[in-house]
Protein chains: 2
Amino acid sequence: MNISQAARQAGLTPKALRYYESIGLLVPVRGENGYRDYAAADVATLQFIQRARACGFAIEEVRELLSLYRNPSRRSHDAKALVAEKLAQVERQLQSLRVMRETLAELADSCPGDDSPNCRILDQLAGGK
Amino acid sequence: MNISQAARQAGLTPKALRYYESIGLLVPVRGENGYRDYAAADVATLQFIQRARACGFAIEEVRELLSLYRNPSRRSHDAKALVAEKLAQVERQLQSLRVMRETLAELADSCPGDDSPNCRILDQLAGGK
DNA sequence: CTTGCGCCCTCCCCTTAGGGAAAGGTCAAG
DNA sequence: CTTGACCTTTCCCTAAGGGGAGGGCGCAAG
């Protein structure tokens, strides 16, 4: 299968697939003409990658997940640990974004938003209490 | 004031201050010895930058905010628009992270996390329903 | 006076996960 | 045979600095 079709099937872009090959994450075979030829198993792997990425895993973490997936003597504990760690990280990002949202909402509320130059947003950013 | 002290007062790093200078965001004067010399007003500007960054504004957005702050004929509407747009963006990121958290939580729950290789996390990432 | 330590300078490479574009080869259809 | 769509490689670009090398400056102690 050509790169564009494989990418479509996995919900990715051809550029991403070339990138994954360049970092050794998924290296397809090549046809006579030099074109990458993605096997069905490759597409399945690409879907795995896409799902893991959608869960917030970085590429190197996806590599670990794939390594576990391919290792028949893995322990499910190890996969769960990766997920738990990612979950904790996502929680931290959520908390950080909630703080930002709160601050931004307060800023927006404090400003009339009219044609006058009086702006409590800028005053507060400048340190005015 | 030297770069390290200015950075400390603003809750930033010397490296960040050098970067801000390199992109023309805040250019301090130089002393005889070539050292950057941050005036009190510069430190206030750095604090403005730090607060805006903490709210999630990108550097180019901070530049706009600073430009409004320095423009006496600004309209508070413009500042409020920037804040509202950033707020909407933060909401989108929150929503995206909530989806990730949900998915990760389901994955974690479905996996025993023991020494066996049976792992529903990896199965689900592989497309197993 | 000089040594040492801490601070400062510039310059360069590194990070994530690809996107965009250029220059050229290939394939299938008309 | 040509055209257009697809493929290839290679290079540069992103945000916001971090890390480190190599070298200069300032101030206190010996």
Side-chain angles (χ1 to χ4, degrees), chain A residues 1-39 42-43 45-66 86 89-90 93 96-97 100, chain B residues 1-39 42-43 45-66 86 89-90 93 96-97 100:
Chain A
M1 189 181 327
N2 274 349
I3 192 170
S4 286
Q5 292 187 11
R8 244 191 313 276
Q9 305 236 346
L12 296 166
T13 63
K15 203 71 193 242
L17 269 57
R18 291 192 193 100
Y19 176 65
Y20 297 157
E21 178 179 9
S22 79
I23 61 173
L25 188 59
L26 178 62
V27 181
V29 299
R30 298 289 184 125
E32 282 296 313
N33 48 16
Y35 286 18
R36 290 168 182 84
D37 187 7
Y38 289 87
D42 291 337
V43 173
T45 299
L46 288 170
Q47 288 170 344
F48 184 106
I49 294 169
Q50 192 276 331
R51 289 195 189 94
R53 294 281 297 135
C55 287
F57 288 100
I59 298 261
E60 287 312 306
E61 292 164 341
V62 174
R63 199 192 295 271
E64 291 182 53
L65 286 168
L66 269 177
K86 182 55 58 179
Q89 183 185 319
V90 166
Q93 289 181 51
S96 162
L97 281 175
M100 284 186 200
Chain B
M1 189 182 324
N2 275 348
I3 193 169
S4 285
Q5 291 187 13
R8 242 192 315 275
Q9 304 236 345
L12 296 167
T13 63
K15 204 73 193 234
L17 269 57
R18 290 192 193 101
Y19 176 65
Y20 296 158
E21 179 180 8
S22 80
I23 61 172
L25 187 61
L26 177 63
V27 181
V29 298
R30 298 288 183 126
E32 282 297 312
N33 47 17
Y35 287 17
R36 292 169 182 82
D37 188 7
Y38 290 86
D42 290 336
V43 173
T45 299
L46 288 170
Q47 287 170 344
F48 184 106
I49 294 170
Q50 191 275 330
R51 288 195 190 93
R53 294 280 297 136
C55 287
F57 288 99
I59 298 258
E60 288 312 305
E61 293 164 340
V62 174
R63 201 192 293 272
E64 292 181 52
L65 286 168
L66 269 176
K86 182 55 56 179
Q89 183 185 318
V90 166
Q93 289 182 50
S96 163
L97 281 174
M100 283 186 201

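In what follows, chains carry the letters A, B, and so on, assigned in the order in which the sequence lines appear, proteins first and then strands, with residues in each chain numbered from 1.
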With the side chain counted from C-beta on, respond yes when Q50(B) and R53(B) share a heavy-atom pair under 4.5 Å apart, and no when they do not. no
With sequence neighbours excluded, tell me which residues meet side-chain contact (heavy atoms from CB on, under 4.5 Å) with E21(B). V27(B), P28(B), R30(B), R36(B)
Separation of atom CD1 in I3(B) from atom C1' in dT10(C), rounded to whole Å: 12 Å
Under a 4.5 Å cut-off applied to non-hydrogen side-chain atoms, are Y19(A) and L25(A) in contact? no
Closest contact, heavy atoms only, S4(B) versus P14(B): OG-CG, 3.9 Å
Pair R63(B)-I23(B), side chain to side chain contact (heavy atoms under 4.5 Å, CB included): steps then yes or no: CA-CA 10 Å; R63(B) 201 192 293 272; I23(B) 61 172; 4.0 Å; yes
Walk along nucleotides 10-23 of chain D from 5' to 3' and tag each nucleotide B, S or - by protein heavy-atom contact under 4.0 Å, base first, then sugar-phosphate. ------BBBBB---
Between P of dC7(D) and CD of E21(A), the distance in whole Å: 14 Å
Here the distance between atom C1' of dA5(D) and atom CZ of R8(A), to the nearest Å, is 12 Å
So, is R30(A) close to the dT26(C) phosphate, meaning a side-chain N or O under 4.0 Å from OP1 or OP2? no
If you look at every heavy atom in L97(A) and V90(B), which pair is closest and at what distance? O-CG1, 3.7 Å
What is the bend of the helix from dC1(C)-dG30(D) to dG30(C)-dC1(D) when you compare the axis at one end with the axis at the other, using five pairs each and rounding to 10°? 30°
For A7(A) and L17(A), which heavy atoms make the closest approach, and how far apart are they? N-CD2, 3.8 Å
Can you tell me how far the CD1 atom of I3(B) sits from the CG atom of L46(B), to the nearest 0.5 Å? 9.0 Å
E61(A) CD - dA17(C) C1' separation (whole Å): 13 Å
Can you tell me if the side-chain N/O atoms of R36(B) get under 4.0 Å from OP1 or OP2 in dT10(C)? yes
State the CG-OH distance between L12(B) and Y20(B), to the nearest 0.5 angstrom. 5.0 Å
Within this structure, what is the OH-to-C1' distance between Y35(A) and dG24(C), rounded to whole angstrom? 11 Å
Under-4.0 Å side-chain N/O to phosphate OP1/OP2 contact, R18(A) with dT9(D): no
Given atom CE of M1(B) and atom P of dC7(C), what is their separation to the nearest angstrom? 16 Å
Does N33(B) place a side-chain N or O at less than 4.0 Å from the phosphate oxygens OP1/OP2 of dG26(D)? yes
